[in-house]
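Presented below is the structure to which this report refers.
Just so it is clear, the structure is predicted and the values come from calculations on it, not from any experiment.
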Amino acid sequence: MPELEKEKKRTVRWLNPASGYLTGYAYTLNPYVGCTFGCSYCYVRRMPLALFKGNPWGEWVEPKPFDGEGFRKEWRRAIAKGGVTIFMSSATDPYQPVEYKEKLTRQLLEAMAEEPPQFLLLQTRSPLVTRDIDLLKQMGDRVRVSLTIETDLEAVRKALTPYAPPLAARLRTIRELRQAGIPTQIAISPLLPCSAGFPALIAEAAERVVVDDFFRGDGSGGKRSAQLKMAERYRALGAESLYAPETADAFVDDLRALMPQGSVYFGQEGFLP
(Lines give C-alpha, C1' and ligand atoms only; values in the text may rest on other atoms or scores of the structure.)
Protein backbone atom coordinates (compact mmCIF):
# COMPACT_ATOMS: atom_id res chain seq x y z
CA MET A 1 0.00 0.00 0.00
CA PRO A 2 2.76 2.56 0.76
CA GLU A 3 4.24 1.86 -2.69
CA LEU A 4 0.85 2.40 -4.28
CA GLU A 5 0.49 5.75 -2.53
CA LYS A 6 3.93 6.78 -3.74
CA GLU A 7 2.96 5.90 -7.29
CA LYS A 8 -0.20 7.98 -7.05
CA LYS A 9 1.88 10.96 -5.96
CA ARG A 10 4.25 10.50 -8.89
CA THR A 11 1.44 10.49 -11.42
CA VAL A 12 -0.26 13.73 -10.33
CA ARG A 13 0.14 16.43 -12.96
CA TRP A 14 -0.07 19.86 -11.39
CA LEU A 15 0.50 22.18 -14.35
CA ASN A 16 -2.23 21.78 -16.96
CA PRO A 17 -2.28 23.73 -20.24
CA ALA A 18 -4.67 26.69 -20.07
CA SER A 19 -7.34 27.15 -22.73
CA GLY A 20 -10.66 28.83 -23.42
CA TYR A 21 -11.38 31.79 -21.13
CA LEU A 22 -7.88 31.46 -19.68
CA THR A 23 -6.07 31.64 -23.00
CA GLY A 24 -3.16 33.95 -22.25
CA TYR A 25 -1.90 31.75 -19.43
CA ALA A 26 0.46 28.85 -19.96
CA TYR A 27 -1.01 26.71 -17.18
CA THR A 28 -3.80 26.31 -14.67
CA LEU A 29 -3.06 24.84 -11.25
CA ASN A 30 -5.80 23.42 -9.00
CA PRO A 31 -4.59 22.13 -5.60
CA TYR A 32 -7.98 20.61 -4.80
CA VAL A 33 -10.67 18.71 -6.63
CA GLY A 34 -14.10 20.01 -5.65
CA CYS A 35 -15.00 23.07 -3.58
CA THR A 36 -16.95 23.42 -0.35
CA PHE A 37 -17.80 27.09 -0.88
CA GLY A 38 -20.46 25.82 -3.29
CA CYS A 39 -21.48 29.15 -4.84
CA SER A 40 -24.83 28.86 -6.62
CA TYR A 41 -23.57 30.53 -9.79
CA CYS A 42 -20.28 28.63 -10.16
CA TYR A 43 -19.76 27.55 -13.78
CA VAL A 44 -17.92 24.42 -12.62
CA ARG A 45 -21.32 23.04 -11.55
CA ARG A 46 -22.04 22.45 -15.25
CA MET A 47 -18.73 20.76 -16.03
CA PRO A 48 -18.13 16.97 -16.05
CA LEU A 49 -16.04 17.29 -12.90
CA ALA A 50 -19.19 18.23 -10.97
CA LEU A 51 -21.91 16.53 -13.02
CA PHE A 52 -20.53 12.99 -12.80
CA LYS A 53 -19.16 12.97 -9.27
CA GLY A 54 -22.34 11.69 -7.65
CA ASN A 55 -22.29 14.05 -4.68
CA PRO A 56 -23.65 17.57 -5.16
CA TRP A 57 -21.11 20.27 -5.98
CA GLY A 58 -20.26 22.21 -2.86
CA GLU A 59 -20.47 19.23 -0.53
CA TRP A 60 -17.07 17.69 -1.20
CA VAL A 61 -13.43 18.55 -1.72
CA GLU A 62 -10.39 16.33 -2.19
CA PRO A 63 -6.78 17.46 -1.80
CA LYS A 64 -4.50 16.20 -4.52
CA PRO A 65 -1.73 13.98 -3.15
CA PHE A 66 1.35 16.16 -2.85
CA ASP A 67 4.90 14.98 -3.37
CA GLY A 68 7.29 17.90 -2.95
CA GLU A 69 10.08 16.34 -4.95
CA GLY A 70 7.76 15.37 -7.79
CA PHE A 71 6.21 18.85 -7.99
CA ARG A 72 9.61 20.54 -7.97
CA LYS A 73 10.77 18.37 -10.87
CA GLU A 74 7.67 19.30 -12.86
CA TRP A 75 8.12 22.95 -11.89
CA ARG A 76 11.77 23.08 -12.89
CA ARG A 77 10.98 21.54 -16.27
CA ALA A 78 8.37 24.23 -16.88
CA ILE A 79 10.71 27.01 -15.72
CA ALA A 80 13.42 25.71 -18.07
CA LYS A 81 11.01 25.99 -21.02
CA GLY A 82 10.17 29.58 -20.02
CA GLY A 83 6.96 31.58 -20.10
CA VAL A 84 5.48 30.14 -16.92
CA THR A 85 2.24 32.06 -16.32
CA ILE A 86 -0.25 30.38 -14.00
CA PHE A 87 -3.91 30.82 -13.08
CA MET A 88 -4.48 29.32 -9.62
CA SER A 89 -7.20 28.15 -9.49
CA SER A 90 -9.69 27.68 -12.31
CA ALA A 91 -11.95 24.92 -10.90
CA THR A 92 -11.64 25.30 -7.13
CA ASP A 93 -10.56 27.82 -4.51
CA PRO A 94 -6.95 27.27 -3.41
CA TYR A 95 -7.91 28.32 0.12
CA GLN A 96 -10.60 25.77 0.93
CA PRO A 97 -11.44 25.50 4.64
CA VAL A 98 -9.54 22.20 4.63
CA GLU A 99 -6.41 24.16 3.63
CA TYR A 100 -6.07 25.18 7.28
CA LYS A 101 -5.13 21.58 7.98
CA GLU A 102 -3.72 20.33 4.68
CA LYS A 103 -1.49 23.35 3.88
CA LEU A 104 -1.40 22.09 0.30
CA THR A 105 -1.55 25.52 -1.31
CA ARG A 106 1.16 26.74 1.03
CA GLN A 107 3.44 23.84 0.08
CA LEU A 108 2.95 24.63 -3.59
CA LEU A 109 3.71 28.32 -3.01
CA GLU A 110 6.83 27.41 -1.03
CA ALA A 111 8.14 25.48 -4.02
CA MET A 112 7.19 28.24 -6.47
CA ALA A 113 8.88 30.90 -4.37
CA GLU A 114 12.20 29.07 -4.77
CA GLU A 115 12.08 29.74 -8.53
CA PRO A 116 9.26 32.24 -9.14
CA PRO A 117 7.14 32.02 -12.29
CA GLN A 118 6.85 34.79 -14.81
CA PHE A 119 3.40 35.51 -13.35
CA LEU A 120 0.98 33.88 -10.91
CA LEU A 121 -2.62 34.95 -10.46
CA LEU A 122 -3.94 33.61 -7.18
CA GLN A 123 -7.75 33.63 -7.34
CA THR A 124 -9.60 33.20 -4.05
CA ARG A 125 -12.40 34.49 -1.85
CA SER A 126 -10.83 33.38 1.44
CA PRO A 127 -9.14 35.50 4.12
CA LEU A 128 -6.80 32.53 4.68
CA VAL A 129 -4.64 33.90 1.87
CA THR A 130 -3.12 36.35 4.37
CA ARG A 131 -1.43 33.41 6.10
CA ASP A 132 0.90 33.19 3.09
CA ILE A 133 1.92 36.84 2.85
CA ASP A 134 5.52 35.86 3.61
CA LEU A 135 5.67 33.67 0.50
CA LEU A 136 3.77 36.11 -1.69
CA LYS A 137 6.25 38.84 -0.77
CA GLN A 138 9.08 36.67 -2.07
CA MET A 139 7.48 36.70 -5.54
CA GLY A 140 7.31 40.49 -5.71
CA ASP A 141 5.41 41.79 -8.74
CA ARG A 142 5.25 38.32 -10.27
CA VAL A 143 2.13 37.53 -8.26
CA ARG A 144 -1.30 39.11 -8.03
CA VAL A 145 -3.95 38.07 -5.51
CA SER A 146 -7.40 38.36 -7.05
CA LEU A 147 -9.97 38.42 -4.26
CA THR A 148 -13.64 37.89 -5.13
CA ILE A 149 -16.12 40.39 -3.65
CA GLU A 150 -19.33 40.26 -5.70
CA THR A 151 -21.61 42.44 -3.56
CA ASP A 152 -21.71 44.52 -0.39
CA LEU A 153 -25.00 43.05 0.81
CA GLU A 154 -24.73 40.20 3.30
CA ALA A 155 -28.32 39.15 2.58
CA VAL A 156 -27.35 38.56 -1.06
CA ARG A 157 -24.21 36.67 -0.07
CA LYS A 158 -26.21 34.44 2.27
CA ALA A 159 -28.79 33.77 -0.44
CA LEU A 160 -26.41 33.01 -3.33
CA THR A 161 -23.10 32.02 -1.70
CA PRO A 162 -24.01 31.00 1.88
CA TYR A 163 -20.81 29.03 2.54
CA ALA A 164 -18.41 31.70 1.29
CA PRO A 165 -16.56 33.93 3.78
CA PRO A 166 -18.37 37.04 5.03
CA LEU A 167 -17.89 40.20 3.00
CA ALA A 168 -16.41 42.26 5.83
CA ALA A 169 -13.68 39.67 6.29
CA ARG A 170 -12.83 39.82 2.59
CA LEU A 171 -12.59 43.60 2.65
CA ARG A 172 -10.22 43.39 5.62
CA THR A 173 -8.20 40.85 3.67
CA ILE A 174 -7.70 43.07 0.62
CA ARG A 175 -6.60 45.93 2.86
CA GLU A 176 -4.14 43.71 4.74
CA LEU A 177 -2.64 42.41 1.51
CA ARG A 178 -2.23 45.92 0.13
CA GLN A 179 -0.65 47.11 3.37
CA ALA A 180 1.86 44.26 3.04
CA GLY A 181 2.74 45.41 -0.47
CA ILE A 182 1.18 42.44 -2.29
CA PRO A 183 -0.20 43.27 -5.77
CA THR A 184 -3.97 42.77 -5.62
CA GLN A 185 -7.23 43.17 -7.44
CA ILE A 186 -10.85 42.80 -6.46
CA ALA A 187 -12.79 40.46 -8.72
CA ILE A 188 -16.46 41.45 -8.84
CA SER A 189 -17.09 38.26 -10.71
CA PRO A 190 -19.95 38.00 -11.21
CA LEU A 191 -21.53 41.22 -10.10
CA LEU A 192 -24.43 40.39 -7.77
CA PRO A 193 -27.22 42.70 -6.56
CA CYS A 194 -25.61 45.42 -4.46
CA SER A 195 -26.24 48.78 -2.85
CA ALA A 196 -25.76 52.15 -4.56
CA GLY A 197 -22.68 52.65 -2.39
CA PHE A 198 -20.86 49.54 -3.63
CA PRO A 199 -18.81 51.33 -6.35
CA ALA A 200 -17.46 53.83 -3.82
CA LEU A 201 -16.64 51.05 -1.35
CA ILE A 202 -14.67 49.17 -4.01
CA ALA A 203 -12.93 52.31 -5.25
CA GLU A 204 -11.68 52.97 -1.71
CA ALA A 205 -10.51 49.40 -1.09
CA ALA A 206 -9.00 48.37 -4.43
CA GLU A 207 -6.02 49.32 -6.55
CA ARG A 208 -7.31 47.29 -9.49
CA VAL A 209 -10.75 45.84 -10.28
CA VAL A 210 -12.20 43.37 -12.75
CA VAL A 211 -15.96 43.08 -13.23
CA ASP A 212 -17.80 40.23 -14.91
CA ASP A 213 -21.38 39.04 -15.29
CA PHE A 214 -23.47 35.95 -16.02
CA PHE A 215 -23.76 36.64 -19.71
CA ARG A 216 -20.13 37.03 -20.75
CA GLY A 217 -18.17 35.47 -17.92
CA ASP A 218 -19.44 31.92 -17.44
CA GLY A 219 -17.40 30.50 -20.31
CA SER A 220 -20.43 29.63 -22.41
CA GLY A 221 -22.07 32.91 -23.36
CA GLY A 222 -24.51 32.71 -20.48
CA LYS A 223 -25.73 29.15 -21.16
CA ARG A 224 -24.30 27.70 -17.94
CA SER A 225 -25.84 30.52 -15.90
CA ALA A 226 -29.20 29.83 -17.52
CA GLN A 227 -28.88 26.13 -16.70
CA LEU A 228 -28.16 27.09 -13.09
CA LYS A 229 -31.41 29.08 -13.06
CA MET A 230 -29.76 32.33 -12.01
CA ALA A 231 -32.66 34.39 -13.40
CA GLU A 232 -35.01 32.53 -11.08
CA ARG A 233 -32.68 33.14 -8.14
CA TYR A 234 -32.70 36.85 -8.91
CA ARG A 235 -36.49 36.78 -9.11
CA ALA A 236 -36.63 35.22 -5.65
CA LEU A 237 -34.54 38.13 -4.36
CA GLY A 238 -36.83 40.68 -5.99
CA ALA A 239 -33.93 41.71 -8.24
CA GLU A 240 -35.10 40.31 -11.58
CA SER A 241 -34.65 43.65 -13.36
CA LEU A 242 -30.92 43.57 -12.54
CA TYR A 243 -30.38 40.29 -14.39
CA ALA A 244 -29.15 41.91 -17.61
CA PRO A 245 -25.80 42.77 -19.21
CA GLU A 246 -26.57 46.46 -18.86
CA THR A 247 -26.29 46.17 -15.06
CA ALA A 248 -22.59 45.30 -15.18
CA ASP A 249 -21.92 47.86 -17.93
CA ALA A 250 -23.39 50.65 -15.79
CA PHE A 251 -21.44 49.43 -12.75
CA VAL A 252 -18.18 49.56 -14.71
CA ASP A 253 -18.96 53.13 -15.79
CA ASP A 254 -19.56 54.10 -12.15
CA LEU A 255 -16.26 52.55 -11.07
CA ARG A 256 -14.28 54.20 -13.86
CA ALA A 257 -15.64 57.56 -12.77
CA LEU A 258 -14.21 56.94 -9.29
CA MET A 259 -10.90 55.20 -9.98
CA PRO A 260 -7.71 56.04 -11.88
CA GLN A 261 -7.64 55.40 -15.61
CA GLY A 262 -6.56 51.87 -16.48
CA SER A 263 -7.48 50.36 -13.10
CA VAL A 264 -10.94 49.00 -13.99
CA TYR A 265 -11.38 46.07 -16.39
CA PHE A 266 -14.25 44.02 -17.68
CA GLY A 267 -14.20 40.27 -18.22
CA GLN A 268 -11.33 38.21 -19.57
CA GLU A 269 -8.94 41.13 -20.02
CA GLY A 270 -8.86 41.76 -16.27
CA PHE A 271 -7.72 38.24 -15.48
CA LEU A 272 -4.90 38.01 -18.02
CA PRO A 273 -1.22 38.05 -16.98
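Contact of the E207 side chain with the P260 side chain is not registered, since no non-hydrogen atoms from C-beta on lie closer than 4.5 Å. With a 4.5 Å cut-off on side-chain heavy atoms, P190 and L192 count as touching. Y27 has its side chain out of reach of M88: every pair of non-hydrogen atoms, C-beta onward, lies at least 4.5 Å apart. Side-chain atoms of L177 and I133, non-hydrogen and from C-beta on, do get closer than 4.5 Å to each other. Residues K137 and I182 are in side-chain contact: their nearest non-hydrogen atoms beyond the backbone lie under 4.5 Å apart. Using a 4.5 Å cut-off on side-chain heavy atoms (C-beta onward), Y163 and C35 make no contact. The closest side-chain heavy-atom distance from L135 to M139 is not below 4.5 Å. Looking at S90 and Y25, their side chains never come closer than 4.5 Å, going by heavy atoms from C-beta outward.
The main-chain N or O of C39 is never found under 3.5 Å from a side-chain atom of T161 such that the two would form a donor-acceptor pair. Judged by distance alone, with hydrogens and angles left aside, the side-chain atoms of T92 form no donor-acceptor pair with the main-chain N or O of V33 at under 3.5 Å. Checked by atom type and distance alone, the side chain of R233 never pairs as donor or acceptor with a backbone atom of L160 at under 3.5 Å. Proximity of a side-chain donor or acceptor of T184 to a complementary backbone N or O of I174 within less than 3.5 Å is not detected. Looking at S189, its side chain never comes within 3.5 Å of a backbone N or O of V211 through a donor-acceptor pair. Looking at K64, its side chain does come within 3.5 Å of a backbone N or O of N30 through a donor-acceptor pair. With E176 contributing its side chain and R172 its backbone, the two residues share no donor-acceptor pair below 3.5 Å. Within the 3.5 Å criterion, the main-chain N or O of L15 finds a donor-acceptor partner in the side chain of E74. Of the possible polar contacts, one joining the T247 side chain to the L242 backbone as a donor-acceptor pair under 3.5 Å is found.
Closest approach of A196 and P199 over heavy atoms only: O-CD, 3.4 Å. Residues V210 and G267 come closest through the heavy atom pair CG2-O, 3.4 Å. When every heavy atom of M259 is checked against every heavy atom of S263, the shortest pair comes out as CB-OG, 3.4 Å. The two residues Q123 and S146 make their nearest non-hydrogen contact at OE1-OG, 2.7 Å. Of all heavy-atom pairs spanning R178 and A205, the tightest one is NH1-O, 2.9 Å. Residues V143 and L136 share a closest heavy-atom pair of CG1-O, 3.7 Å.
Under the 30°/60° scheme for interplanar angles, the aromatic rings of F251 and F198 are found to be tilted. In this structure, F66 and F71 have tilted ring planes: the angle between them lies in the 30° to 60° band.
Transitive grouping of hydrophobic side chains (ILVMFWY, heavy atoms separated by less than 4.5 Å) keeps V145 and I186 in distinct clusters. Cluster membership for F266 and Y41, using ILVMFWY side-chain heavy atoms within less than 4.5 angstrom, is not shared. Placement of F37 and I188 in two distinct hydrophobic clusters is found when ILVMFWY residues are connected by side-chain heavy-atom separations under 4.5 Å, directly or transitively. Y265 and L258 are not part of a single hydrophobic cluster, where members link through side-chain heavy atoms under 4.5 Å apart. Note: the hydrophobic cluster containing I86 also contains V129 (ILVMFWY, side chain heavy atoms under 4.5 Å, direct or indirect links).
For the residue pair D152/S195, the side-chain donor-acceptor check at 3.5 Å is satisfied. Residues Q118 and T85 bring no donor and acceptor atom of their side chains to less than 3.5 Å of each other.
Between E150 and R170 a salt bridge is recorded (basic side-chain N to carboxylate O distance below 4.0 Å). For E204 and R175, the salt-bridge test passes: some basic side-chain N is under 4.0 Å from an acidic carboxylate O. Using a 4.0 Å cut-off between a side-chain N of Lys or Arg and a carboxylate O of Asp or Glu, D249 and R216 qualify as a salt bridge. Taking a cutoff of 4.0 Å between a charged side-chain nitrogen and a carboxylate oxygen, E154 and R157 qualify as a salt bridge.
Each of E115, R77, E114 was compared with R72 under the side chain to side chain contact (heavy atoms under 4.5 Å, CB included) criterion, and only E114 meets it.
Ring centroid separation for the pair Y21 and F87 does not come in under the 6.0 Å cut-off. Two rings, from Y32 and Y95, have their centers 6.0 Å or more apart.
With rounding to the nearest 0.5 Å, the separation of CG in N16 from CG in L22 is 12.0 Å. To the nearest 0.5 Å, atoms OG1 (T105) and CG (L128) are separated by 8.0 Å. R106 CZ to D134 CG: the interatomic distance, rounded to the nearest 0.5 Å, is 4.0 Å. Here CG of L122 is found 9.5 Å from CG of L147. Values are rounded to the nearest 0.5 Å. Rounded to the nearest 0.5 Å, atoms CG (L104) and CG (L109) are 9.5 Å apart. Going from atom CD of E110 over to atom CG of L108 covers 9.5 Å, rounded to the nearest 0.5 Å.
Under a cutoff of 6.0 Å and an axis angle of 45°, R144 and F119 do not form a cation-pi pair.
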Exercise. Going through the distances and angles, do T36 and Q96 end up as a side chain to side chain donor-acceptor pair (under 3.5 Å)?
Worked result: CA-CA 7 Å; T36 53; Q96 295 291 309; 3.1 Å; yes
For this session: Go through L171 and I149 one step at a time and tell me if the side chain to side chain contact (heavy atoms under 4.5 Å, CB included) criterion holds.
Result: CA-CA 8 Å; L171 284 166; I149 305 177; 3.8 Å; yes
For this session: Would you please test L191 and D213 for side chain to side chain contact (heavy atoms under 4.5 Å, CB included) and show each step?
Result: CA-CA 6 Å; L191 173 66; D213 65 10; 5.6 Å; no
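Contacts of R235 classified as side-chain contact (heavy atoms from CB on, under 4.5 Å), with partners at least two apart in sequence or in another chain: E232, E240.
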